[in-house]
Asks: 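Pasting a structure here, questions to come.
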Amino acid sequence: EADIYQTPRYLVIGTGKKITLECSQTMGHDKMYWYQQDPGMELHLIHYSYGVNSTEKGDLSSESTVSRIRTEHFPLTLESARPSHTSQYLCASSLAQFNEKLFFGSGTQLSVL
Amino acid sequence: DQQVKQNSPSLSVQEGRISILNCDYTNSMFDYFLWYKKYPAEGPTFLISISSIKDKNEDGRFTVFLNKSAKHLSLHIVPSQPGDSAVYFCAARRGSQGNLIFGKGTKLSVKP
């Protein structure tokens, strides 16, 4: 069973607010990822990290930012939320040498009004 | 441009019968393919994978077939059970350090 946790599960927030989506894993995995998914659509990679102090942009451009100060923690921040940010955000992690076997958290469903 | 395509948004199958989920890809550099399963309000979970050097991989009721010449893979579930009802995502990786590219998913409904 995967030990990767995301909070909050659901978030409804007004336009212009700053939000941080939390993601933590207790498996000691090196790589961590943030995916964004809309209903019926692909999972799009928006950020990933190879380890502490490493952050990279994914395939889908995003206005969000991430940080990786500790191995186990990979938060995602939106400085000013907009309705176009409404989506499900999925955090994942993997061992570096098995980067195809991702363990996903339960996701955060974000709604920006 | 979609590199991994799941052209069937949904599939309905009777319990005990075979479920076949299909996936096509466009990039011949993909070397590893995976299937993930997702229940509502949960994150995807890894199901089964196959390397491009193989054409079949089996794990219990789940078998994945790869046809490289056709750039096509399929997931067979036999026999299908109601608990298999979920969204199934096909994913592909290019190179050992490549990130996964996902399809849009196929929603499988297994009816008792």
Side-chain angles (χ1 to χ4, degrees), chain A residues 1-11 21 23-25 27 29-51 54-60 74 88-110, chain B residues 1-11 23-27 29-54 57 59 64 66 73 86-108:
Chain A
E1 188 171 324
D3 295 319
I4 179 163
Y5 307 100
Q6 289 186 243
T7 58
R9 290 290 303 273
Y10 303 93
L11 180 61
L21 307 184
C23 177
S24 295
Q25 51 96 4
M27 298 173 283
H29 285 172
D30 307 301
K31 283 192 81 171
M32 295 190 74
Y33 314 77
W34 277 103
Y35 283 87
Q36 183 177 342
Q37 192 208 5
D38 295 319
M41 300 299 288
E42 310 93 314
L43 279 71
H44 286 291
L45 181 65
I46 51 174
H47 298 283
Y48 61 101
S49 166
Y50 289 106
S54 155
T55 60
E56 304 286 343
K57 290 192 179 296
D59 305 318
L60 182 68
F74 192 41
Q88 184 181 44
Y89 292 84
L90 291 159
C91 181
S93 71
S94 69
L95 286 169
Q97 62 266 42
F98 298 116
N99 64 326
E100 68 280 356
K101 291 197 173 85
L102 272 57
F103 292 89
F104 282 88
S106 296
T108 294
Q109 180 60 52
L110 173 65
Chain B
D1 187 29
Q2 266 191 285
Q3 298 188 62
V4 177
K5 301 177 184 178
Q6 294 178 259
N7 292 319
S8 298
S10 63
L11 175 67
C23 178
D24 297 296
Y25 60 96
T26 58
N27 192 334
M29 300 299 291
F30 288 145
D31 66 342
Y32 204 82
F33 304 88
L34 305 92
W35 286 92
Y36 279 80
K37 177 180 178 180
K38 184 179 186 296
Y39 291 116
E42 293 184 16
T45 55
F46 170 77
L47 188 60
I48 193 169
S49 62
I50 188 167
S51 165
S52 60
I53 62 173
K54 295 185 174 182
N57 188 27
D59 184 3
V64 56
L66 175 62
L73 67 155
V87 177
Y88 289 79
F89 289 95
C90 175
R93 186 197 73 179
R94 175 185 164 181
S96 62
Q97 294 302 311
N99 292 313
L100 293 185
I101 297 174
F102 286 83
K104 291 185 177 182
T106 296
K107 183 177 181 180
L108 174 65

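Quick note on labels: first sequence line is chain A, next is B, and so on, each numbered from 1. Excluded from the calculations below are hydrogen atoms, water molecules and symmetry mates; all remaining heavy atoms, backbone and side chain alike, are included.
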Asks: Measure B:Lys38 against the heavy atoms of chain A and call it side chain, backbone, both or neither at under 4.5 Å.
Replies: side chain
Asks: Pick from B:Ala91, B:Ser49, B:Gly103: which one has the most heavy-atom pairs with chain A under 4.5 Å?
Replies: B:Gly103
Asks: If I take atom CE from residue A:Met41 and atom CD from residue B:Gln2, how far apart are they, to the nearest 0.5 angstrom?
Replies: 7.0 Å
Asks: Working to the nearest 0.5 Å, report the span between CG of A:Asp38 and NZ of B:Lys104.
Replies: 11.0 Å
Asks: Search all heavy atoms of A:Leu43 against all heavy atoms of B:Pro44 and return the closest pair with its distance.
Replies: CD2-CG, 4.0 Å
Asks: Let me confirm one number: the CG-CZ distance from A:Leu102 to B:Phe102, rounded to the nearest 0.5 Å.
Replies: 6.0 Å
Asks: Looking at A:His44, A:Gln6, A:Glu42, which one has more heavy-atom pairs under 4.5 Å with chain B than the rest?
Replies: A:Glu42
Asks: Could you measure the distance from the CG atom of B:Leu100 to the OH atom of A:Tyr33? Nearest 0.5 Å is fine.
Replies: 7.0 Å
Asks: I'd like to verify something: which residue of B:Tyr36, B:Phe46, B:Phe89 has the highest number of heavy-atom pairs under 4.5 Å with chain A?
Replies: B:Tyr36
Asks: Which region of A:Gln109, side chain (C-beta onward) or backbone (N, CA, C, O), has a non-hydrogen atom less than 4.5 Å from a non-hydrogen atom of chain B, or is it both or neither?
Replies: neither
Asks: Which answer fits B:Pro9, side chain, backbone, both or neither, if we ask what part of it has an atom under 4.5 Å from a heavy atom of chain A?
Replies: neither
